[in-house]
Amino acid sequence: MSRFLSPHAQSITPYKPGEHPKGEGVVKLNTNECPYPPSPKVAAAIAAFDADALRLYPDPAGKEVRAAAAKAAGVCPEQVFVGGGSDEVLAYAFMAFCPQGEEVCFPDVTYDFYSVYSQLFGLKPKRIPVTETFEVKVEDYAAEVGPIFLANPNAPTGIVLSPSDIEALLRQNTDRLLVLDEAYIDFAPGQSCLSLIDTYDNLLIVRTASKSWALAGMRLGFAYGNPELIAALNRIQFSFNPYNLDRVSMAVALAALEDADWRRETVEKMIATRRRASQALEAIGFTVLPSSTNFLFAGHSGLSGQALCDGLRERNILVRYFDAPRTRGYVRISVGTDAEMDRLIQVCKDLAPA
Ligand SMILES: *Cc1c(COP(=O)(O)O)cnc(C)c1O
């Protein structure tokens with residue numbers, strides 16, 4: 001480590017991204033990317049993009065994209081924030097709403113970035129245990145203070161809470177902010193809490209184009225909430241990276257937002273594959289948590305998560321293993337194409353003790 005690194009920077013454990021193999025023939029089911037290409041409208045927008053425009057800074061307010069995203073979501077542009085990936089949007093939320101040195105709450109089994117950001121921004125993380133069956137119980141949050149960060153559906157479990165559970169959490173204390181990370185919500189039809197932003201000014205919803213829109217390579221994230229919450233995010237953006245969204249990303253976002261049919265068809269196809277793969281794994285003795293996402297959290301009583309992950313890797317299939325006490329028995333498997341899932345299931349069958 002550099003001797004110039006500040007003690008604070010030294011103390012942080014950075015996020016570990018899934019690996020990105022270069023070679024051919026690897027079935028990559030480790031970072032929840034979409035197995036299908038994005039909408040053809042995206043390719044058309046990139047082909048039509050005029051490189052001359054890159055001379056000029058992009059619109060720091062991202063007006064056009066905000067208007068289009070607002071229209072697609074049925075909300076006002078003042079209720080929308082756009083950023084370079086939802087990780088960036090989440091960072092702005094931490095900076096805007098979490099006072100240094102104070103508490104922030106999230107489940108003990110959830111997206112690792114909440115923990116990384118609480119270190120980066122000098123907060124006191126309160127990790128609220130999920131149940132034995134990995135469920136988030138909203139009652140458990142009443143005993144703690146500080147903003148709540150909740151992925152819904154949760155990662156890496158895939159389990160979703162209903163809008164009525166989320167509403168109960170919002171009502172517990174309307175002076176307490178809930179940041180609801182809906183990265184996977186398109187894979188959980190009917191469970192979005194977007195409509196609650198008109199009623200609850202303590203709800204900020206964060207979404208991404210990386211999963212259901214097949215745009216992980218583009219870096220596009222969104223937040224939806226009361227105009228005052230959105231203004232708070234803008235305040236941070238203009239204090240950190242005013243031109244956070246580049247012109248190419250904007251053109252791609254506009255094209256993708258136009259193609260609701262592509263999004264619906266792709267998500268439906270992936271939900272069908274998820275159901276089939278989940279049943280096939282159960283049929284060969286695996287435990288699979290009920291998934292409302294584009295991944296499966298699965299394990300086998302005769303194999304550790306690490307052994308499963310290593311065994312799959314030896315056969316050129318990458319999945320994600322989380323080396324923590326509560327997740328040791330499981331791996332997270334992204335939903336790929338039907339052919340990729342068939343190969344995964346075949347290998348799982350070979351690895352599982354009979
Ligand atoms: C993938 C993921 C994100 C990050 O998405 P980006 O927009 O690619 O930064 C955020 N939250 C959760 C829960 C995720 O799984």
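Below, each value reflects all heavy atoms present in this structure, side chains not excepted, and no hydrogens, waters or symmetry copies. Start at 1 with the first residue, then count along the sequence. One-based numbering, in listed order, for ligands and for the atoms of each.
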Are the aromatic ring centres of F134 and Y330 under 6.0 angstrom apart?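 When the ring centroids of F134 and Y330 are compared, they turn out to be within the sub-6.0 Å range.
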Please check if the distance between the ring centroids of F295 and Y184 is under 6.0 Å.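 When the ring centroids of F295 and Y184 are compared, they turn out to be within the sub-6.0 Å range.
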Return the protein residues near ligand 1 (heavy atom under 4.0 Å from any of its atoms), ordered by chain and residue number.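 Close residues (ligand 1, cut-off 4.0 Å): G85, S86, D87, Y111, D181, A183, Y184, T208, S210, K211, R219.
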What's the spacing between [X] [atom1] and [Y] [atom2] if we round to 0.5 Å?
X: S291; Y: N154; atom1: OG; atom2: CG; answer: 11.5 Å
X: D338; Y: M270; atom1: CG; atom2: CE; answer: 10.5 Å
X: T208; Y: M218; atom1: OG1; atom2: CE; answer: 12.5 Å

Could you list the cluster mates of M1? Members are the ILVMFWY residues connected by side-chain heavy atoms closer than 4.5 Å, either directly or through other members.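 So far as hydrophobic clustering goes, M1 is joined with L5.
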